[in-house]
Asker: 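Dumping the structure here so I can ask a few things about it.
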Amino acid sequence: MTSRTKDMPVFNFDHERGGVTIPLPRDFHYQETLRYLTRSPLECLHQVVDGRVYKALAIGSERVVMEICEENGGGKSGPSSLLVRLNGDVAPTFDTWNTVAAYVTDWLDLRTDLSPFYERTAHDPLIGTLVTALRGLRIVGIPDLFEALCWAIIGQQINLTFAYTLKKRFVERFGTSIQTEAHTYWLFPTPEVIAACTINDLLPLQLTTQKATYILTLAHQMASGTLSKHSLLAQGNFPAIERHLLTLHGIGPWTTHYVLMRCFRDPTAFPIGDAALQNALKQLLHRTQKPPADEIKQLFAPWHGWEAYVTFYLWRSLAT
DNA sequence: GACCAGGGTTAGA
DNA sequence: TCTAACCATGGT
(Lines give C-alpha, C1' and ligand atoms only; values in the text may rest on other atoms or scores of the structure.)
Protein backbone atom coordinates (compact mmCIF):
# COMPACT_ATOMS: atom_id res chain seq x y z
CA MET A 1 0.00 0.00 0.00
CA THR A 2 1.41 3.32 -1.04
CA SER A 3 0.19 6.79 -0.28
CA ARG A 4 0.99 9.19 -3.07
CA THR A 5 -0.82 12.46 -2.66
CA LYS A 6 0.79 15.74 -3.58
CA ASP A 7 1.85 17.02 -0.18
CA MET A 8 1.62 13.74 1.64
CA PRO A 9 4.67 11.71 2.53
CA VAL A 10 5.37 8.62 0.49
CA PHE A 11 5.77 5.45 2.48
CA ASN A 12 5.03 1.74 2.31
CA PHE A 13 3.98 -0.61 5.07
CA ASP A 14 6.40 -3.36 5.95
CA HIS A 15 4.24 -5.72 7.97
CA GLU A 16 6.99 -8.25 8.38
CA ARG A 17 9.15 -5.86 10.32
CA GLY A 18 6.31 -3.89 11.84
CA GLY A 19 7.22 -0.55 10.33
CA VAL A 20 7.11 1.58 7.24
CA THR A 21 9.68 2.23 4.56
CA ILE A 22 10.30 5.61 2.99
CA PRO A 23 11.89 5.47 -0.46
CA LEU A 24 15.08 7.52 -0.66
CA PRO A 25 15.82 10.06 -3.37
CA ARG A 26 18.74 9.70 -5.74
CA ASP A 27 21.26 11.70 -3.72
CA PHE A 28 21.15 10.56 -0.14
CA HIS A 29 24.18 9.66 1.94
CA TYR A 30 23.09 7.85 5.08
CA GLN A 31 26.53 7.60 6.66
CA GLU A 32 27.21 11.32 6.24
CA THR A 33 23.83 11.99 7.81
CA LEU A 34 24.80 9.83 10.78
CA ARG A 35 28.10 11.68 11.01
CA TYR A 36 26.19 14.92 11.26
CA LEU A 37 23.74 13.55 13.81
CA THR A 38 26.61 12.38 16.03
CA ARG A 39 28.59 15.59 15.80
CA SER A 40 28.14 16.30 19.49
CA PRO A 41 28.20 13.79 22.34
CA LEU A 42 26.02 16.26 24.24
CA GLU A 43 23.13 16.03 21.79
CA CYS A 44 20.03 15.01 23.74
CA LEU A 45 17.20 15.10 21.19
CA HIS A 46 18.27 12.06 19.19
CA GLN A 47 20.65 9.16 19.50
CA VAL A 48 22.56 6.98 17.08
CA VAL A 49 23.28 3.40 18.08
CA ASP A 50 24.69 0.78 15.72
CA GLY A 51 23.80 2.79 12.66
CA ARG A 52 20.22 3.35 13.78
CA VAL A 53 18.73 6.71 14.68
CA TYR A 54 16.39 7.05 17.66
CA LYS A 55 14.24 10.08 18.29
CA ALA A 56 11.19 10.85 20.39
CA LEU A 57 8.28 12.56 18.73
CA ALA A 58 5.06 14.10 20.03
CA ILE A 59 2.06 13.45 17.80
CA GLY A 60 -0.85 15.27 19.34
CA SER A 61 -1.15 13.85 22.83
CA GLU A 62 0.67 10.71 21.75
CA ARG A 63 4.40 10.29 22.19
CA VAL A 64 6.49 7.75 20.33
CA VAL A 65 10.12 6.82 19.82
CA MET A 66 11.17 6.32 16.21
CA GLU A 67 13.90 3.96 15.12
CA ILE A 68 15.30 4.74 11.69
CA CYS A 69 17.76 2.73 9.63
CA GLU A 70 18.74 2.46 6.00
CA GLU A 71 17.85 -0.47 3.81
CA ASN A 72 19.65 -1.19 0.60
CA GLY A 73 17.20 -2.65 -1.84
CA GLY A 74 18.83 -5.67 -3.38
CA GLY A 75 22.30 -4.93 -2.08
CA LYS A 76 24.21 -3.24 -4.93
CA SER A 77 23.05 0.11 -6.16
CA GLY A 78 19.36 -0.69 -6.13
CA PRO A 79 16.87 1.79 -4.74
CA SER A 80 17.26 2.20 -1.00
CA SER A 81 14.78 3.26 1.59
CA LEU A 82 14.59 4.16 5.24
CA LEU A 83 12.92 1.67 7.54
CA VAL A 84 11.07 3.41 10.37
CA ARG A 85 9.69 1.56 13.34
CA LEU A 86 7.98 2.78 16.51
CA ASN A 87 8.26 1.58 20.08
CA GLY A 88 5.34 0.25 22.04
CA ASP A 89 2.90 -2.61 21.92
CA VAL A 90 -0.06 -0.85 20.35
CA ALA A 91 -0.16 -0.82 16.56
CA PRO A 92 0.06 2.78 15.34
CA THR A 93 -2.80 4.13 13.27
CA PHE A 94 -2.44 5.16 9.66
CA ASP A 95 -2.51 8.80 10.72
CA THR A 96 0.35 8.22 13.13
CA TRP A 97 2.45 6.59 10.44
CA ASN A 98 1.55 9.38 8.08
CA THR A 99 2.74 11.99 10.58
CA VAL A 100 5.91 10.06 11.35
CA ALA A 101 6.74 9.64 7.65
CA ALA A 102 6.05 13.33 7.04
CA TYR A 103 8.32 14.26 9.93
CA VAL A 104 11.22 12.12 8.71
CA THR A 105 10.78 13.38 5.15
CA ASP A 106 10.92 16.97 6.35
CA TRP A 107 13.63 16.42 8.97
CA LEU A 108 16.05 14.86 6.49
CA ASP A 109 14.94 16.96 3.51
CA LEU A 110 14.12 13.95 1.37
CA ARG A 111 12.03 15.87 -1.15
CA THR A 112 14.60 18.30 -2.50
CA ASP A 113 16.09 17.48 -5.89
CA LEU A 114 19.78 18.16 -5.35
CA SER A 115 20.94 17.56 -8.93
CA PRO A 116 20.85 21.28 -9.86
CA PHE A 117 22.97 22.00 -6.78
CA TYR A 118 25.59 19.44 -7.77
CA GLU A 119 25.57 20.51 -11.41
CA ARG A 120 26.34 24.02 -10.22
CA THR A 121 29.00 23.19 -7.62
CA ALA A 122 30.59 19.79 -8.22
CA HIS A 123 33.32 21.23 -10.45
CA ASP A 124 33.69 24.53 -8.65
CA PRO A 125 37.37 25.31 -7.99
CA LEU A 126 36.68 26.43 -4.43
CA ILE A 127 34.03 24.05 -3.11
CA GLY A 128 33.87 21.29 -5.73
CA THR A 129 35.99 18.84 -3.77
CA LEU A 130 34.07 19.45 -0.57
CA VAL A 131 30.68 19.15 -2.25
CA THR A 132 31.66 15.94 -4.00
CA ALA A 133 32.98 14.43 -0.80
CA LEU A 134 29.73 15.16 1.02
CA ARG A 135 27.41 14.41 -1.90
CA GLY A 136 24.11 13.06 -0.63
CA LEU A 137 24.27 14.83 2.71
CA ARG A 138 21.03 16.72 3.15
CA ILE A 139 20.36 19.62 5.48
CA VAL A 140 19.08 18.10 8.69
CA GLY A 141 16.24 20.36 9.74
CA ILE A 142 14.65 21.51 12.95
CA PRO A 143 10.97 21.21 12.03
CA ASP A 144 9.72 22.57 15.37
CA LEU A 145 9.79 26.38 15.22
CA PHE A 146 10.14 26.90 18.97
CA GLU A 147 13.07 24.50 19.09
CA ALA A 148 14.69 26.14 16.07
CA LEU A 149 14.35 29.63 17.56
CA CYS A 150 15.57 28.57 21.01
CA TRP A 151 18.53 26.66 19.60
CA ALA A 152 19.54 29.61 17.45
CA ILE A 153 19.28 32.03 20.37
CA ILE A 154 21.14 29.70 22.72
CA GLY A 155 23.92 29.35 20.15
CA GLN A 156 24.42 33.07 19.62
CA GLN A 157 27.98 34.20 20.29
CA ILE A 158 29.10 31.10 22.20
CA ASN A 159 31.01 28.06 21.09
CA LEU A 160 29.06 25.01 19.98
CA THR A 161 30.14 22.83 22.88
CA PHE A 162 28.76 25.26 25.41
CA ALA A 163 25.64 25.70 23.26
CA TYR A 164 25.00 21.97 23.44
CA THR A 165 25.55 22.02 27.18
CA LEU A 166 22.99 24.80 27.56
CA LYS A 167 20.48 23.02 25.33
CA LYS A 168 20.89 19.83 27.33
CA ARG A 169 20.25 21.68 30.59
CA PHE A 170 17.23 23.41 29.08
CA VAL A 171 15.74 20.18 27.72
CA GLU A 172 16.41 18.10 30.82
CA ARG A 173 15.06 20.82 33.09
CA PHE A 174 11.86 21.72 31.21
CA GLY A 175 11.28 18.99 28.61
CA THR A 176 9.53 15.66 28.95
CA SER A 177 11.01 12.26 28.35
CA ILE A 178 10.10 8.73 27.37
CA GLN A 179 11.85 6.07 29.40
CA THR A 180 12.71 2.67 27.98
CA GLU A 181 14.94 -0.03 29.37
CA ALA A 182 17.90 1.18 27.39
CA HIS A 183 17.52 4.93 27.18
CA THR A 184 15.76 8.12 28.11
CA TYR A 185 14.43 9.94 25.05
CA TRP A 186 13.88 13.65 25.50
CA LEU A 187 11.36 15.92 23.84
CA PHE A 188 12.04 19.63 23.49
CA PRO A 189 10.08 21.78 25.97
CA THR A 190 6.84 23.23 24.69
CA PRO A 191 6.24 27.00 24.54
CA GLU A 192 3.45 26.50 27.12
CA VAL A 193 5.84 25.08 29.71
CA ILE A 194 8.42 27.82 29.15
CA ALA A 195 5.76 30.54 29.14
CA ALA A 196 4.89 29.46 32.66
CA CYS A 197 8.48 30.08 33.77
CA THR A 198 10.09 33.22 35.12
CA ILE A 199 13.51 34.55 34.25
CA ASN A 200 14.77 33.22 37.56
CA ASP A 201 13.91 29.72 36.40
CA LEU A 202 16.11 30.11 33.33
CA LEU A 203 19.14 31.98 34.69
CA PRO A 204 20.54 29.04 36.70
CA LEU A 205 21.11 27.21 33.42
CA GLN A 206 23.68 29.95 32.67
CA LEU A 207 21.71 31.54 29.92
CA THR A 208 22.39 35.26 29.84
CA THR A 209 19.63 37.59 31.03
CA GLN A 210 19.15 38.72 27.42
CA LYS A 211 18.82 35.22 25.98
CA ALA A 212 16.49 34.13 28.78
CA THR A 213 14.30 37.17 28.10
CA TYR A 214 14.22 36.47 24.36
CA ILE A 215 13.21 32.85 24.94
CA LEU A 216 10.52 33.77 27.48
CA THR A 217 9.01 36.36 25.16
CA LEU A 218 8.96 33.93 22.24
CA ALA A 219 7.41 31.25 24.45
CA HIS A 220 4.60 33.64 25.40
CA GLN A 221 3.99 34.58 21.79
CA MET A 222 3.91 30.97 20.65
CA ALA A 223 1.84 29.74 23.59
CA SER A 224 -0.73 32.46 22.95
CA GLY A 225 -0.82 31.69 19.25
CA THR A 226 0.50 35.11 18.22
CA LEU A 227 3.44 33.37 16.60
CA SER A 228 3.45 29.96 14.94
CA LYS A 229 5.11 28.13 12.09
CA HIS A 230 1.72 27.85 10.43
CA SER A 231 1.04 31.59 10.59
CA LEU A 232 4.48 32.39 9.24
CA LEU A 233 4.07 29.93 6.38
CA ALA A 234 0.75 31.59 5.65
CA GLN A 235 2.71 34.72 4.76
CA GLY A 236 3.32 32.92 1.51
CA ASN A 237 6.96 33.60 0.75
CA PHE A 238 10.36 33.53 2.43
CA PRO A 239 11.07 37.29 2.29
CA ALA A 240 7.82 37.92 4.18
CA ILE A 241 8.77 35.34 6.82
CA GLU A 242 12.21 36.94 7.04
CA ARG A 243 10.75 40.39 7.65
CA HIS A 244 8.45 39.05 10.34
CA LEU A 245 11.19 37.14 12.14
CA LEU A 246 13.41 40.24 12.16
CA THR A 247 10.78 42.15 14.12
CA LEU A 248 11.10 39.70 17.02
CA HIS A 249 13.30 40.66 19.94
CA GLY A 250 16.56 38.75 19.93
CA ILE A 251 16.11 37.62 16.35
CA GLY A 252 18.60 39.44 14.13
CA PRO A 253 19.79 38.67 10.59
CA TRP A 254 21.87 35.65 11.57
CA THR A 255 19.13 33.98 13.61
CA THR A 256 16.52 34.75 10.96
CA HIS A 257 18.51 33.07 8.22
CA TYR A 258 19.46 30.20 10.48
CA VAL A 259 15.79 29.52 11.19
CA LEU A 260 14.84 30.00 7.54
CA MET A 261 17.42 27.39 6.71
CA ARG A 262 16.76 24.76 9.39
CA CYS A 263 13.03 25.18 9.98
CA PHE A 264 11.49 26.70 6.86
CA ARG A 265 13.96 25.19 4.39
CA ASP A 266 14.51 28.32 2.39
CA PRO A 267 17.21 27.19 -0.08
CA THR A 268 18.53 30.76 -0.29
CA ALA A 269 18.86 31.20 3.47
CA PHE A 270 22.30 32.66 4.01
CA PRO A 271 23.59 33.51 7.52
CA ILE A 272 26.39 35.62 6.11
CA GLY A 273 27.73 36.89 9.43
CA ASP A 274 28.14 33.36 10.72
CA ALA A 275 31.50 32.81 12.41
CA ALA A 276 31.75 29.17 11.35
CA LEU A 277 30.92 30.03 7.75
CA GLN A 278 33.63 32.67 7.77
CA ASN A 279 36.14 30.28 9.31
CA ALA A 280 35.34 27.57 6.76
CA LEU A 281 35.98 30.02 3.91
CA LYS A 282 39.12 31.31 5.58
CA GLN A 283 40.44 27.75 5.70
CA LEU A 284 39.35 26.94 2.15
CA LEU A 285 41.01 30.12 0.83
CA HIS A 286 44.19 29.55 2.87
CA ARG A 287 43.85 32.94 4.49
CA THR A 288 45.04 34.18 7.84
CA GLN A 289 42.01 36.46 8.21
CA LYS A 290 38.33 35.71 7.81
CA PRO A 291 36.99 37.06 4.51
CA PRO A 292 34.76 40.14 4.91
CA ALA A 293 31.03 40.01 4.24
CA ASP A 294 31.13 41.66 0.82
CA GLU A 295 33.73 39.18 -0.40
CA ILE A 296 31.62 36.29 0.89
CA LYS A 297 28.68 37.66 -1.06
CA GLN A 298 30.77 37.70 -4.22
CA LEU A 299 32.03 34.18 -3.62
CA PHE A 300 28.47 32.95 -3.22
CA ALA A 301 27.14 34.68 -6.32
CA PRO A 302 27.62 31.67 -8.64
CA TRP A 303 25.72 29.48 -6.19
CA HIS A 304 22.64 31.66 -5.91
CA GLY A 305 19.62 29.56 -5.10
CA TRP A 306 21.67 27.09 -3.07
CA GLU A 307 23.16 29.34 -0.39
CA ALA A 308 21.72 27.22 2.42
CA TYR A 309 23.25 24.00 1.10
CA VAL A 310 26.63 25.61 0.43
CA THR A 311 26.60 27.02 3.97
CA PHE A 312 25.67 23.66 5.46
CA TYR A 313 28.44 21.92 3.54
CA LEU A 314 30.95 24.59 4.56
CA TRP A 315 29.99 24.00 8.19
CA ARG A 316 30.62 20.31 7.66
CA SER A 317 34.06 21.09 6.25
CA LEU A 318 35.05 22.21 9.75
CA ALA A 319 34.09 18.88 11.29
CA THR A 320 37.07 16.82 12.26
C1' DG B 1 45.21 35.41 30.60
C1' DA B 2 43.96 36.61 26.02
C1' DC B 3 41.02 35.70 22.46
C1' DC B 4 37.21 33.68 20.25
C1' DA B 5 32.60 31.73 20.00
C1' DG B 6 27.31 29.08 14.24
C1' DG B 7 25.02 37.54 17.62
C1' DG B 8 21.81 41.10 19.17
C1' DT B 9 20.40 45.45 21.18
C1' DT B 10 21.03 50.01 22.35
C1' DA B 11 22.95 54.62 22.34
C1' DG B 12 25.16 58.05 19.92
C1' DA B 13 27.02 60.16 15.89
C1' DT C 1 22.96 54.03 7.82
C1' DC C 2 27.15 53.13 10.62
C1' DT C 3 30.05 52.30 14.87
C1' DA C 4 31.07 51.28 19.70
C1' DA C 5 29.84 49.58 24.09
C1' DC C 6 27.66 46.01 26.36
C1' DC C 7 25.98 41.43 27.41
C1' DA C 8 28.55 37.37 29.94
C1' DT C 9 30.82 32.68 30.02
C1' DG C 10 32.97 28.33 28.37
C1' DG C 11 36.76 26.49 25.38
C1' DT C 12 41.36 26.53 23.80
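Letters go in sequence order (proteins before strands), and every chain restarts at 1. Only this structure's heavy atoms are used, side chains among them; waters, hydrogens and symmetry mates stay out.
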Asker: Quick one, which residues of residues 208-215 of chain A touch DNA chain B with a heavy atom under 4.0 Å?
Answerer: A:Q210, A:Y214
Asker: Base, sugar-phosphate, or nothing for A:I251, non-hydrogen atoms under 4.0 angstrom?
Answerer: sugar-phosphate
Asker: Go through C:dG11, B:dA5, B:dT10 for me and flag the one nearest to the A:T165 side chain.
Answerer: C:dG11
Asker: When all nucleic acid strands are considered with a 4.0 Å heavy-atom cut-off, which category describes A:P253: base, sugar-phosphate, or nothing?
Answerer: sugar-phosphate
Asker: Give the nucleotide from the list C:dT9, B:dG7, B:dA5 with an atom nearest to the side chain of A:Q206.
Answerer: C:dT9
Asker: Just to be sure I follow the notation: if a pair is Watson-Crick (purine N1 to pyrimidine N3 plus N6-O4 or O6-N4) or a G-U wobble (N1-O2 and O6-N3), each under 3.5 Å, what dot-bracket string does DNA chain C give, with | for pairs to another strand?
Answerer: |||||||.||||
Asker: Using a 4.0 Å heavy-atom cut-off, does A:Q157 contact any base of the nucleic acid, only the sugar-phosphate backbone, or nothing at all?
Answerer: base
Asker: Quick one: A:Q289 CD to B:dC4 C1', roughly how many Å, whole number?
Answerer: 13 Å
Asker: Just to be sure I understand the rule, does A:I154 reach a base, reach only the sugar-phosphate, or reach nothing, if contact means heavy atoms closer than 4.0 Å?
Answerer: nothing
Asker: Would you indicate which nucleotide in B:dG7, C:dG10, B:dA5 comes nearest to any side-chain atom of A:F162?
Answerer: C:dG10
Asker: Could you check whether A:D106 pairs with A:R265 (Lys NZ or Arg NE/NH1/NH2 to Asp/Glu carboxylate O, under 4.0 Å)?
Answerer: yes
Asker: I need the CD1-P distance between A:I158 and B:dA5, as an integer number of Å.
Answerer: 13 Å
